[in-house]
Amino acid sequence: MPAQLLDGNALSKKIRSEIAARTAIVTAKGVKPGLAVIVVGENPASQVYVRNKVKACEDVGFYSILERYPEAFTQAELLNRIAVLNADPDIHGILVQLPLPIHIASEKVLEAIAPEKDVDGFHVANAGALMVGQPEFKPCTPYGCMKILENIDYPIRGARAVIVGASNIVGKPMAMLLLQAGATVTICNSKTRDLAHHTKDADILVVATGKPKMITGDMVKNGAVVIDVGINRTPDGKLCGDVDFDAAQYVAGWITPVPGGVGPMTITMLLMNTLEAAEKYSKA
Ligand SMILES: Nc1nc2c(c(=O)[nH]1)N[C@@H](CN(C=O)c1ccc(C(=O)N[C@@H](CCC(=O)O)C(=O)O)cc1)CN2
């Protein structure tokens, strides 16, 4: 029997309607949640994601601005824009779409965003807060993965969780969130010996490698929860994940599809972080 599908679109719809209701309340108090999205360069996927983010903001009743800059935009110019947005009282969240062009040092840019407006949760202050178990803003993709797990009432406490991929954006924060929820966590990376030995032991398997279909069906434990963070475009223009879905669905107990799994949840949790930033601002 194939695995149960973890439908990120359906869960997003439910959470976004809760966000819209809370947005109406905070807006009535005089604070309309505001998100500024900045994209530099012409990366086609980034252009799609930022448009989707702005559209999602409109749908839940946020104020949003999209700032698009050419590839040649300098780091100094970008830092200036961030300083202006940091001081703008109508903006509660600032997001700089990644990847940035190579002449711009991403870490400098991310550190320039005021931590209380860092709705991506990438600032070292927010990464550190998560590390010590006092999260302010959780990075949107791992936050979305945790919501997917919570939605199936899977007993995370005591489960063996394996994360394939150790990025600052997904793998490391995902490990922290699972650890804090009581899982026994292993993070694998590109140097890990006998990867399948680890993945086959996982009750919860989270894959974020950027390598299309690298996790094959025989690398998955029977009945596991498989969360595929990868979004890869195949030569025929279709999307696929980092997990070989067609094979893994007959081994896993639950599995996220690509598209329609983690992707929409990333945007939903961005809305949640922005709403929470505005709610905090309204109480300050
Ligand atoms: N500043 C950030 N940059 C990037 C992040 C991030 O969280 N913050 N994550 C990724 C890209 N990303 C969000 O920006 C993202 C990726 C995918 C989706 C999504 O909804 N995917 C759909 C398919 C969409 C398509 O047709 O291409 C799906 O999976 O169903 C949303 C957001 C890197 N950069």
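Computed from a predicted structure; not experimentally measured. Just follow the structure's listing: the first ligand is 1, and inside any ligand the first atom is 1.
- Residue Lys53 has at least one nitrogen or oxygen atom sitting less than 3.5 Å from a nitrogen or oxygen atom of ligand 1, judged on distance alone.
- Ligand 1 places these atoms under 4.0 Å from at least one heavy atom of Gly260: 28 (C), 29 (O), 30 (O).
- Residue contacts with ligand 1 leave out Val258, since none of its heavy atoms falls under 4.0 Å from the ligand.
- Thr268 and Arg16 share a side-chain donor-acceptor pair at under 3.5 Å.
- The shortest N or O to N or O distance between Phe122 and ligand 1 is not under 3.5 Å.
- Of all atoms in ligand 1, listed by their number and element, those nearer than 4.0 Å to a heavy atom of Pro259 are 28 (C), 29 (O), 30 (O).
- Within the 4.5 Å cutoff, no side-chain heavy atoms of Lys117 are placed close to those of Leu85.
- Of all protein heavy atoms, the one closest to atom 12 (N) of ligand 1 is Tyr49 CD1, 3.8 Å.
- Under 3.5 Å, the side chains of Glu77 and Thr74 contain a donor-acceptor pair of N or O atoms.
- Scanning all protein heavy atoms for the shortest distance to atom 34 (N) of ligand 1 gives Leu98 O, 2.9 Å.
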Show your working on side-chain hydrogen bond (donor to acceptor under 3.5 Å, both in side chains) between Asp228 and Thr256 and close with a plain yes or no.
-> CA-CA 6 Å; Asp228 189 351; Thr256 57; 5.6 Å; no

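- Atom 4 (C) of ligand 1 is approached by the protein to below 4.0 angstrom, counting heavy atoms only.
- Set against the non-hydrogen atoms of Val96, the atoms of ligand 1 under 4.0 Å away are 1 (N).
- Polar contact check, Asp120 against ligand 1: a nitrogen or oxygen pair lies under 3.5 Å apart.
- Between Val48 and ligand 1 there is no heavy-atom distance shorter than 4.0 Å.
- In terms of protein heavy atoms, atom 20 (O) of ligand 1 is closest to Gly263 C, 3.2 Å.
- Residue-ligand proximity, Arg233 to ligand 1, at heavy-atom distances under 4.0 Å covers atoms 27 (O).
- When side chains are defined from C-beta on, Leu35 counts as touching Leu270, because their heavy atoms get closer than 4.5 Å.
- In this structure, Glu136 and Lys280 have side chains that are in contact, with non-hydrogen atoms separated by less than 4.5 Å.
- Donor-acceptor pairing under 3.5 Å is lacking for the side chains of Thr216 and Asp244.
- When the options Ile231, Leu239, Val119 are ranked by their closest heavy atom to atom 24 (C) of ligand 1, first place goes to Leu239.
- Looking at ligand 1, you won't find any N or O of Thr266 less than 3.5 Å from one of its N or O atoms.
- For the side chain to side chain contact (heavy atoms under 4.5 Å, CB included) with Val164, the qualifying choice from Thr192, Val207, Val206, Thr186 is Val207, the only one to do so.
- Atom 9 (N) of ligand 1 is never approached by the protein to below 4.0 angstrom, counting heavy atoms only.
- Distance check: Leu149 CG to Leu6 CG gives 8.0 Å after rounding to the nearest 0.5 Å.
- A salt bridge links Asp203 with Lys221: the closest approach of a Lys/Arg side-chain nitrogen to an acidic carboxylate oxygen falls below 4.0 angstrom.
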